[in-house]
Amino acid sequence: MTASTRTLVTGATGTVGSTVVRALRAAGRPTYSVSRGGTEGTHHFVWRMGEEEPPAELRGSWDAIVHCVADTRFGLPDGDAEEANVRPLRAALSLAGPDTHFVHLSSSFVTGLEGDITSPSRDAYRNSYEWSKATAERLVHAERDNADIVRFPIVVGARADGSLDRYSGFFWLPAAMCNGAVPALVAEEKGLLDMVSTDDIAAHVTRLLDSGPPRGHRLSVLGRGDDAQRVGEAFDTVLDALNDWRAENGVTPLDRLPYVTPQQWNRFYLPFAEEYLDRMQLLKVTAFRAYQGYLSVTDPFDVTVRVPDTRDVLYRSIRRWAKTHETSARRVPRPWRA
Ligand SMILES: NC(=O)c1ccc[n+]([C@@H]2O[C@H](COP(=O)([O-])OP(=O)(O)OC[C@H]3O[C@@H](n4cnc5c(N)ncnc54)[C@H](OP(=O)(O)O)[C@@H]3O)[C@@H](O)[C@H]2O)c1
């Protein structure tokens, strides 16, 4: 790396991008950043990627581009997911020259239902997020002779204190547990719930950039693999963290939610709910359907980079969520009535 080395991080205000920017700057790498909204700064640009031309300052050669833009919601219509996860990638690729070290962030779940990214068919994926992220990976392969693709599972906060710049994705769970939106956990208690800290991703991206562009396409898969926490254990950690925080703040503890397997749910509970719950209750109950597939995973991911244990960082992340979302964390769930 020379003093003139320029690195661009897209999606820099997000859960992952913000930590990546801090890590690269801390490592002494001149780093510029992009987000869709926010305020411009000396090294930060506002650019709606895929919707408008890049700001003039971003044209020219980049030594490295780390692409962190995404919309991680599972329930977007297919066209919207493609707009959110593929179009901005095209815009990022348009800034890269042949010598640019291009790093594309992806998801461990990108392999969908068939175990790889090759199928363009929507049916091969659980939801539009997986499908559009797989399309994005195929685009990187098609457009670049070389690139790093980095996949990882659920993202939790910093290892030291659980902090995150943005609480999205998995953090529906503590919110739903406190407001009573989930009457039961539709999950395989012994399933695997793999996760990583934002620090693990940022450290890995820093190492990749330090090692220089790969020859061809290099895939890293971060996670705990077969050492991942079991779903039941992870939910207990979430409950402990919430109840410890609630005890310290004088709020009644939450009860442990009952487990229902996806088969039981779909065969017995859902038909009952459809018959007896009102529209709002039904909406709440089914809003979490999108996550069911992820709470019943029994085959571990084949990780190439095994991250340190994630139990403590999950506990800290949930406590940190409670501290920064006090109104939600103080809610007392009301019992469900049909
Ligand atoms: N979070 C997870 O649990 C998780 C798990 C596995 C993989 N991943 C992957 O990790 C990567 C980062 O995700 P994340 O969780 O950090 O996402 P995030 O928190 O939702 O952040 C998304 C970032 O992208 C920016 N952005 C979105 N659309 C844009 C556009 N059209 N033009 C410019 N900027 C745009 C956002 O800017 P604004 O803030 O201005 O909107 C924000 O900075 C993605 O590849 C995602 O698929 C995430």
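Every number for a ligand or one of its atoms is a count from 1 in the order of the listing. Computation of the quantities below employed the complete heavy-atom set of this structure, encompassing side-chain atoms and omitting hydrogens, waters and symmetry-equivalent molecules.
Set against the non-hydrogen atoms of Ala12, the atoms of ligand 1 under 4.0 Å away are 43 (O). Against a heavy-atom cut-off of under 4.0 Å, Trp47 is close to the following atoms of ligand 1: 32 (N), 33 (C). If you number the atoms of ligand 1 from 1 as listed, the ones under 4.0 Å from a heavy atom of Thr13 come out as 37 (O), 38 (P), 39 (O), 40 (O), 42 (C), 43 (O). Counting atoms of ligand 1 from 1 in the listed order, those under 4.0 Å from a heavy atom of Arg48 are 32 (N). Listed by atom number, the atoms of ligand 1 under 4.0 Å from Ser106 heavy atoms are 7 (C), 9 (C). Within the listing of ligand 1, atoms 44 (C), 45 (O), 46 (C), 47 (O) sit less than 4.0 angstrom from a heavy atom of Lys133. Which parts of ligand 1 touch Cys68 is read off a 4.0 Å heavy-atom cut-off, strictly below it: atoms 11 (C), 12 (C), 13 (O), 44 (C).
For ligand 1, the polar-atom distance check against Leu105 finds a nitrogen or oxygen pair separated by under 3.5 Å. Considering backbone and side-chain atoms together, Ile154 places no N or O closer than 3.5 Å to any N or O of ligand 1. Below 3.5 Å of separation, one finds an N or O of Arg166 facing an N or O of ligand 1. Residue Met49 has at least one nitrogen or oxygen atom sitting less than 3.5 Å from a nitrogen or oxygen atom of ligand 1, judged on distance alone. For a threshold of 3.5 Å applied to N or O pairs, the pair formed by Gly38 and ligand 1 contains no separation below that value. For ligand 1, none of its N or O atoms has an N or O atom of Val34 under 3.5 Å away. In terms of polar-atom proximity, defined here as any N/O pair under 3.5 Å, His67 makes no such contact with ligand 1. At least one N or O atom of Val16, backbone or side chain, sits closer than 3.5 Å to an N or O atom of ligand 1. At a 3.5 angstrom cut-off on N or O pairs, Arg36 counts as close to ligand 1. At least one N/O-N/O distance between Gly14 and ligand 1 falls below 3.5 Å.
Here CG of Asp236 is found 11.5 Å from CZ of Arg311. Values are rounded to the nearest 0.5 Å. Once rounded to the nearest 0.5 Å, the distance linking CZ of Arg6 with OG1 of Thr100 reads 9.5 Å. Between the CZ atom in Arg319 and the CZ atom in Arg246 there is a gap of 13.0 Å [rounded to 0.5 Å].
Using cut-offs of 30° and 60° for the angle between ring planes, the Phe74 and Tyr129 rings count as tilted. Relative orientation of the Tyr167 and Phe171 rings is perpendicular, given thresholds of 30° and 60° on the angle between their planes.
The protein heavy atom nearest to atom 5 (C) of ligand 1 is Pro153 O, 3.1 Å. Among protein heavy atoms, the minimum distance from atom 17 (O) of ligand 1 is reached at Thr72 CG2, 4.1 Å. For atom 47 (O) of ligand 1, the nearest non-hydrogen atom of the protein is Tyr129 OH, 2.6 Å. Atom 7 (C) of ligand 1 has as its closest protein heavy atom Phe152 CE1, 3.2 Å. From the protein, the heavy atom lying nearest to atom 25 (C) of ligand 1 is Gly11 CA, 3.7 Å.
For the residues Val46, Val155, Thr10, Val150, the heavy atom positioned nearest atom 1 (N) of ligand 1 is part of Val155. Atom 19 (O) of ligand 1 has its nearest heavy-atom neighbour, among Val69, Thr15, Leu222, Val9, in Thr15.
Contact of the Ser211 side chain with the Arg218 side chain is registered, since non-hydrogen atoms from C-beta on lie closer than 4.5 Å. Inter-residue side-chain proximity for Pro153 and Tyr294 is flagged as unmet; no heavy-atom pair is nearer than 4.5 Å. For the pair Asp145/Pro98, no side-chain contact is recorded, criterion being any heavy-atom separation below 4.5 Å from C-beta on. Looking at heavy atoms from C-beta onward, Arg151 lies in side-chain contact with Thr111 at the 4.5 angstrom threshold. Taking 4.5 Å as the limit, some side-chain heavy atom of Val238 sits within range of a side-chain heavy atom of Leu173.
Ligand 1 lies nowhere less than 4.0 angstrom from a heavy atom belonging to Phe170. In this structure, Ser108 has no heavy atom closer than 4.0 Å to ligand 1. Ligand 1 lies out of reach of Phe109, whose nearest heavy atom is not under 4.0 Å from it. For the pair Ala70 and ligand 1, a heavy-atom separation below 4.0 Å is found.
Remark: side-chain polar atoms of Glu40 are paired, donor with acceptor, to backbone N or O of Val46 under 3.5 angstrom. At least one donor-acceptor pair closer than 3.5 Å links the side chain of Glu130 to the backbone N or O of Arg126. A donor-acceptor pair is defined here as one N or O able to donate and one able to accept, closer than 3.5 Å; such a pair exists between the side chain of Ser197 and the backbone of Gly157.
Classification of Arg224 and Glu233 as a salt-bridged pair fails, no side-chain N sitting under 4.0 Å from a carboxylate O. Look at Arg29 and Asp63 and you find no salt bridge, because none of the NZ, NE, NH1 or NH2 atoms lies under 4.0 Å from a carboxylate O.
A pairwise comparison of heavy atoms in Phe170 and Ile318 identifies CE2-CD1, 4.4 Å as the closest pair.
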